[in-house]
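Only one structure is covered here, and it is reproduced in the block below.
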Amino acid sequence: MLLTCVSQAFCSWHERTFQVMGTEARVEIWEENPKKAARLIKQVIEEMERINQLMSPYISSSELSKLNKSAAKRPIKISKELFSLLKTSQEFSGLSHGAFDITFASVGYQYDYREGKSPSKDFIDKNKSLINYELIKLNKKKSTVTFLKPGVKIDLGGIAKGHAVDQAINMLLQEGVEHAFVQAGGDSRLIGDKKGRLWNIGIRHPRKEGEVITQVPLENVAISTSGDYERFYIKNGERVHHIIDPRTGKSSSKSISVTIIADSSTKADALSTTVFVLGFEKGLALIESIPGVSAIVIDNQGKFHYTKDLNSY
Ligand code: AMP
Ligand code: MG
């Protein structure tokens, strides 16, 4: 079948939805050359899948799995890319006094939200002290990682999707793309505007599936939302979900949804998880101290809170 374009403007938008990193991902680009557009979309998908193979805790050959298997026994040499993301994760842990902590997985790996399973109180009590980012030792010169105690495990679920989106966006920028949208689950980043108008990015309604609670008009930024509705089960009326308070080893209950707007997706991703755990008071105070970052928090009572720059909005 021969497809003809009604208008050049319409035909220059190319889009694809796909699955990666355990979530739905999407790319939209403006590109007048259809062959180039197809190549770029393929490259975006391959780049995100490459990162999945490197950082997934569910793939036994991933670099991350190798760390979880052996880094408590001896220093493990890893790629510059993973090393750099571990270093960034440590920086967010320091900034948030441990609210963001990839060693949450020392307890967190025992949760199975699909099966409705949580670790026992005994397991949490025994292993909670292994949630401590200071137990990860990074050696920059040798590009190695050591865990200082047996039982320490890490998981990059709170930052890796942001990194993957940044990688895809940087590739598109290098290829000269001027208008694009890349999304992996709750993490999105935009290049430019949507050809003369702003992108409208919807924030999911935390309690009504398929509905958006608000739309944010944006261009040229990253936006990430962390919510307690992404992976959860309800037991005895209590919501057990995937964002863990490192101090308790249990689901964090201060927020139900946190959205961060920032210049990079890695930053927005890490900070959305961080502010979720901190709650709106400490969380917004932290965000106000970081130039160029905005936040929208829905607290556990369903009340909205914003950083000052969004008050007029
Ligand atoms: P996000 O959807 O970006 O908020 O990330 C949630 C994911 O981050 C979870 O599925 C976990 O993999 C990971 N995570 C949970 N709690 C924490 C925490 N306190 N610090 C860092 N990562 C976390
Ligand atoms: Mg996050």
Side-chain angles (χ1 to χ4, degrees), residues 21-23 52-74 76 78 82 85-86 89-90 92-93 96-137 145-162 185-186 226-256 258 269-270 272-279 300:
M21 304 175 100
T23 192
N52 186 39
Q53 294 296 326
L54 203 65
M55 301 185 181
S56 170
Y58 306 108
I59 298 173
S60 63
S61 60
S62 73
E63 277 200 300
L64 184 113
S65 293
K66 282 182 196 154
L67 287 179
N68 282 340
K69 231 176 281 161
S70 308
K73 295 179 202 141
R74 56 179 182 279
I76 303 294
I78 53 168
L82 180 58
L85 200 61
L86 293 182
S89 298
Q90 298 289 63
F92 283 109
S93 297
S96 65
H97 303 289
F100 185 88
D101 191 331
I102 59 174
T103 65
F104 85 89
S106 308
V107 170
Y109 84 99
Q110 286 282 335
Y111 286 91
D112 186 332
Y113 304 100
R114 233 179 258 168
E115 297 288 326
K117 280 191 196 142
S118 300
S120 65
K121 184 180 176 307
D122 196 42
F123 181 90
I124 296 177
D125 289 343
K126 279 197 183 122
N127 292 279
K128 213 166 56 180
S129 65
L130 301 176
I131 306 181
N132 178 357
Y133 64 97
E134 288 174 337
L135 296 173
I136 306 173
K137 201 156 177 56
V145 182
T146 316
F147 297 162
L148 299 183
K149 280 189 184 167
V152 171
K153 293 196 188 317
I154 59 169
D155 183 305
L156 293 169
I159 192 167
K161 289 197 291 293
S226 291
D228 67 2
Y229 48 82
E230 287 281 355
R231 269 184 279 151
F232 73 97
Y233 69 93
I234 308 264
K235 194 177 180 185
N236 303 327
E238 196 193 330
R239 181 177 288 253
V240 181
H241 67 85
H242 69 141
I243 302 174
I244 306 292
D245 185 336
R247 285 168 313 169
T248 63
K250 296 180 187 163
S251 304
S252 174
S253 55
K254 291 202 177 104
S255 323
I256 62 180
V258 173
D269 191 4
S272 63
T273 313
T274 302
V275 172
F276 191 103
V277 173
L278 287 175
N300 58 11

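- The main-chain N or O of Val258 is never found under 3.5 Å from a side-chain atom of Ser226 such that the two would form a donor-acceptor pair.
- Taking OG of Ser65 as the reference point, atom CD1 of Ile59 lies at 7.5 Å (rounded to 0.5 Å).
- Between Ser118 and Val240 the shortest heavy-atom distance is OG-CG1, 3.7 Å.
- In plain terms, the two heavy atoms of Val277 and Ile244 that are nearest each other are CG2-O, 3.8 Å.
- The shortest distance between side-chain heavy atoms of Ile154 and Asn68 falls below 4.5 Å.
- Note: Arg74 CZ to Phe147 CZ = 12.5 Å, rounded to the nearest 0.5 Å.
- A distance of 11.5 Å separates CZ of Arg247 from CD1 of Ile131, quoted to the nearest 0.5 Å.
- The salt bridge (Lys or Arg N to Asp or Glu O under 4.0 Å) search around Lys73 returns none, not counting sequence neighbours.
- Residues Leu86 and Ile102 have side chains in contact (heavy-atom distance under 4.5 Å, counting atoms from C-beta outward).
- No side-chain heavy atom of Thr273 sits under 4.5 Å from any side-chain heavy atom of Phe92.
- In terms of modelled atom types and a separation under 3.5 Å, the side chain of Ser89 and the main chain of Leu85 share a donor-acceptor contact.
- Counting all heavy atoms, side chain and backbone alike, Lys69 lies closest to Ser60 at NZ-O, 3.5 Å.
- For Ile124 against Pro119, the heavy-atom pair with the smallest separation is CG1-CG, 3.9 Å.
- Closest heavy-atom contact between Ala99 and Leu278: CB-CD2, 3.6 Å.
- Residues passing the salt bridge (Lys or Arg N to Asp or Glu O under 4.0 Å) test with Lys128, sequence neighbours excluded: none.
- Every residue was checked against the salt bridge (Lys or Arg N to Asp or Glu O under 4.0 Å) condition with Asp155, not counting sequence neighbours, and none meets it.
- Across His242 and Gly227, no two heavy atoms sit closer than the pair NE2-O, 3.1 Å.
- With sequence neighbours excluded, the residues that form a ring pair (Phe, Tyr, Trp, His ring centres under 6.0 Å) with His241 are Phe276.
- Distance check, rounded to the nearest 0.5 Å: OH of Tyr133 to NE2 of His97 gives 8.0 Å.
- The side-chain heavy atoms of Met55 and Leu82, taken from C-beta on, include a pair separated by under 4.5 Å.
- Note: Ile76 CD1 to Lys66 NZ = 9.5 Å, rounded to the nearest 0.5 Å.
- For the pair Ser252 (side chain) and Ile243 (backbone), a donor-acceptor distance under 3.5 Å is absent.
- For residues 100-117, every residue pair satisfying the side-chain hydrogen bond (donor to acceptor under 3.5 Å, both in side chains) rule, not counting sequence neighbours, is listed here: Asp101-Thr103.
- In this structure Glu238 satisfies the side chain to side chain donor-acceptor pair (under 3.5 Å) test with no other residue, sequence neighbours excluded.
- Note that the OG atom of Ser61 and the CD atom of Gln53 stand 6.0 Å from one another [nearest 0.5 Å].
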Next item on the list: Give the intermediate values and the outcome of side-chain contact (heavy atoms from CB on, under 4.5 Å) for residues Leu64 and Leu67.
Entry: CA-CA 5 Å; Leu64 184 113; Leu67 287 179; 5.6 Å; no
